[in-house]
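As structure tokens, the structure follows; a few thoughts come after it.
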Amino acid sequence: MSSADLGRRATLRIKLPDGRFRDIVGVLEWWDAGVIGVRRRDGSAARVDEADVVASRIVPQQPPPRRRAAPGS
């Protein structure tokens, strides 16, 4: 993953200060001075220090929600 991937959906695995890991999934909005901005599905923004990222990958865009079939269909 690089700054060329801005606008794409990605997952970032970050190492927390206590040694555990957390995954953040969202659209890469900006990458500046070692900080990555990710917009989550709920609209919230996450700031991630590049040094805390231990793994990342580009993932497919989220598919549109499925429509439920009407009862009796």
Side-chain angles (χ1 to χ4, degrees):
M1 188 178 77
S2 71
S3 60
D5 292 315
L6 291 177
R8 297 181 71 189
R9 188 166 177 254
T11 182
L12 292 85
R13 176 155 292 170
I14 59 170
K15 188 168 187 178
L16 301 172
D18 64 4
R20 294 180 301 145
F21 296 91
R22 167 178 274 164
D23 291 340
I24 297 176
V25 179
V27 176
L28 300 174
E29 286 199 333
W30 51 270
W31 192 329
D32 186 40
V35 180
I36 303 167
V38 180
R39 180 70 56 188
R40 294 181 174 126
R41 177 176 36 173
D42 66 3
S44 65
R47 293 173 54 97
V48 178
D49 287 330
E50 186 176 357
D52 294 337
V53 177
V54 295
S56 64
R57 68 183 177 118
I58 300 301
V59 295
Q61 293 296 338
Q62 190 172 10
R66 289 185 175 190
R67 292 180 42 174
R68 291 194 127 133
S73 298

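The first residue in the sequence is number 1, and the count goes up from there.
In this structure a side-chain-to-backbone donor-acceptor pair under 3.5 Å is present from Asp42 to Ser44. Of the possible donor and acceptor atoms, none in the side chain of Arg39 sits under 3.5 Å from a partner among the backbone N and O of Val27.
Salt bridge present: Arg20 and Asp18 bring a charged side-chain N and a carboxylate O closer than 4.0 Å.
Considering only heavy atoms from C-beta on, Arg8 stays 4.5 Å or farther from Leu6 through its side chain. Residues Val54 and Phe21 are in side-chain contact: their nearest non-hydrogen atoms beyond the backbone lie under 4.5 Å apart. Side-chain atoms of Leu28 and Ile36, non-hydrogen and from C-beta on, do get closer than 4.5 Å to each other. A 4.5 Å side-chain heavy-atom check between Arg9 and Val59 finds at least one atom pair inside the cut-off. Taking the side chain as every heavy atom from C-beta outward, Val35 and Val48 never approach each other to under 4.5 Å. Residues Val38 and Glu29 are not in side-chain contact: their nearest non-hydrogen atoms beyond the backbone lie 4.5 Å or more apart.
In this structure, CD1 in Ile14 is found 13.5 Å from CD in Glu50, a value given to the nearest 0.5 Å. Rounding to the nearest 0.5 Å gives a distance of 4.0 Å between CG of Asp23 and CZ of Arg13. Note that the CE atom of Met1 and the OG1 atom of Thr11 stand 9.5 Å from one another [nearest 0.5 Å].
By the rule that hydrophobic residues join a cluster once side-chain heavy atoms approach within less than 4.5 Å of another member, Val53 and Ile58 end up as members of one cluster.
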Side chain to side chain contact (heavy atoms under 4.5 Å, CB included) assessment of Asp5 paired with Trp31: CA-CA 10 Å; Asp5 292 315; Trp31 192 329; 6.0 Å; no
